[in-house]
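Start at 1 and go down the list; that is how both ligands and their atoms are numbered.
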Amino acid sequence: MVFGIYAWPLRLLAFSGIFALLFSALTMASPNTTTTPRIVDLAAQISTLVAQFQEHLSAHNLSSPSFAEEGPDTFPPEISHLKDALLDATAEMHELLLDPLSLLFKFAAISNLVSIDAISRYKIPDMIPPGSQISFDEISQKTGLQKGPVRRLLQHAMSMRILTEPEPEMVAHTRISKFMTIPSINSWVNFESRETWPATTRIVDAIQKWPNSQEANETGFILANNNKSVQDIVTTSPERAMRFASGMQAIDYVPGYAIENVSTVYDWASLGNVRIVNVAGSRGQAAIELAKNFGNIRLLVQDSANMIQGAESGVPEELKGRVEFMAHGLFEPQTIKAPVYFFRMAFRSLGDKYAVQVLKAQIPVLESGVKILLQDVCMPEPDTIPLWRERISRSVDLALECFSNGRERYLDEWKYLLAAADKRFVLHRVYVPKDSLLGILEIHWDVTCSGEA
Ligand SMILES: *[C@@H]1O[C@H](CO)[C@@H](O)[C@H](O)[C@H]1NC(C)=O
Ligand SMILES: *[C@@H]1O[C@H](CO)[C@@H](O)[C@H](O)[C@H]1NC(C)=O
Ligand SMILES: *[C@@H]1O[C@H](CO)[C@@H](O)[C@H](O)[C@H]1NC(C)=O
Ligand SMILES: *[C@@H]1O[C@H](CO)[C@@H](O)[C@H](O)[C@H]1NC(C)=O
Ligand SMILES: *[C@@H]1O[C@H](CO)[C@@H](O)[C@H](O)[C@H]1NC(C)=O
């Protein structure tokens, strides 16, 4: 129960913390020692990259980037390398030109969530009909707030390109505010501003109070919530439980995190005709997706009794019998023998001490050659991915800390974790999909490696 429910909303955290850039290290490419000033060099790069980027869009009759309501939200994956380079070069240019105080102010961004919280709480984007505009007065009537505070909050949001004032007193959409009309995105923003934000502000307090803690009850969230854990909150407050749960759907918008992406991240067909135990598999979302796409695999989904209650009814008729459920806690000794065990985002919300316990719990049934597949993030080494994406990963990593002392792990940390559990857990390969960090770590149980209890 504890970790079933617990691990479930925490998946959302993959998408979380985008606003928590406060601590991001600012790493810049080392300057060329020749005489070309960096900004000149950057300007040349930007110019070349933009030309290539736009050429591709034009050749495919695609819209150029724009904040306009109907502007494109995404660009084709085949030019993602150009977009990456442009985002990093333009950010570097921008940040080079800021004086230190302005740079700190930009990243501290303490007030940004105020207006974001307000417009999502009052669902202001929903009040504006597509392609149309409404006045501050109308928004004032609909929210019951005076026009002054409405204008103040909205103009702050506008300074971040969320909403726009096309003519005095009138409010219209940008593509960002339009995006916020998607119900799961609004829920996610609500979750970020009302759960993640307060808890994040207490992370450093938690670190000072409980240095090096791996306990889920010694976190920023606890400090921000009168000693109540996420578990306490979701079991006692239906409203907040709903906020945790409904925001989770937003994860589908993170490249590579949608349930549909589970089928392509690994060569499941190569496993042949097997039964897979999906430990901590929630209500079988991933299992159902896999069963749909791979006709010869069967899946047993394990999770807490509460989590799986009624889940059977969500399995499509044609998959019945191939996706089954079993009440089984994450820390309980594994009782089902199978050739493959699959964990989807189960380890990121656990401190090492608890992650090791989960691995050890599988040992009683493992036989030589068994595969353990962990779908999780393997953190890229610094400077190996675009900085703009690294910043997001590092924010998510900190958000995982605030809820449960969980974390993202580097390759050496994954190896450490496996070795700490048992030397017979041998990392065979890490699959990392393009444009996403959510990969698969394939681990083999190898009895020839000197085992230890
Ligand atoms: C600096 O730029 C020059 C000319 O583009 C290049 O040949 C050289 O390798 C660069 N040096 C460094 C340290 O990047
Ligand atoms: C490009 O888009 C325009 C307007 O959206 C359309 O009229 C035209 O037929 C398109 N051309 C091609 C080659 O698809
Ligand atoms: C958190 O839980 C652990 C393990 O149950 C316990 O040892 C510790 O005292 C708890 N910490 C607090 C602050 O209650
Ligand atoms: C939280 O728990 C600690 C120890 O369990 C206690 O000393 C403290 O007063 C509690 N704080 C609140 C706000 O309940
Ligand atoms: C995830 O799946 C969607 C839908 O099938 C696809 O468009 C997208 O390219 C996939 N993303 C990744 C990173 O695999």
For Glu215, atoms of ligand 3 separated by under 4.0 Å from a heavy atom: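 With Glu215 as reference, the close atoms of ligand 3 come out as 2 (O), 3 (C), 4 (C).
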Sub-4.0 Å atoms of ligand 3 with respect to non-hydrogen atoms of Asn217: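 What qualifies from ligand 3 is 1 (C), 2 (O), 3 (C), 8 (C), 10 (C), 11 (N), 12 (C), 14 (O).
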Residues Gln214 and Tyr354: side-chain donor-acceptor under 3.5 angstrom: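 Per modelled atom types, Gln214 and Tyr354 side chains form no pair under 3.5 Å.
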For Arg429, salt bridge (charged side-chain N to carboxylate O under 4.0 Å, His left out) partners two or more places apart: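 Here no residue qualifies.
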Heteroatom distance test (Trp210, ligand 3): nitrogen or oxygen, under 3.5 angstrom: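 Min N/O separation from ligand 3 is not below 3.5 Å for Trp210.
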Ring centroid separation Tyr253 to Phe179 under 6.0 Å: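 Distance test on ring centres: under 6.0 Å, yes.
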Pair Arg394 + Glu401: basic N to acidic O under 4.0 Å: no
Every residue of the protein that comes under 4.0 Å of ligand 5, judged on heavy atoms: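 Shell around ligand 5 (4.0 Å, heavy atoms): Gly256, Asn261, Lys434.
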For Glu318, side-chain contact (heavy atoms from CB on, under 4.5 Å) partners two or more places apart: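 By the side-chain contact (heavy atoms from CB on, under 4.5 Å) rule, Glu318 matches Pro316.
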Salt bridge (Lys or Arg N to Asp or Glu O under 4.0 Å): pairs with one or both residues in residues 213-230, sequence neighbours excluded: Glu215-Lys353
Evaluation steps, salt bridge (charged side-chain N to carboxylate O under 4.0 Å, His left out), between Asp412 and Lys415: CA-CA 5 Å; Asp412 60 342; Lys415 287 181 177 163; over 6 Å; no
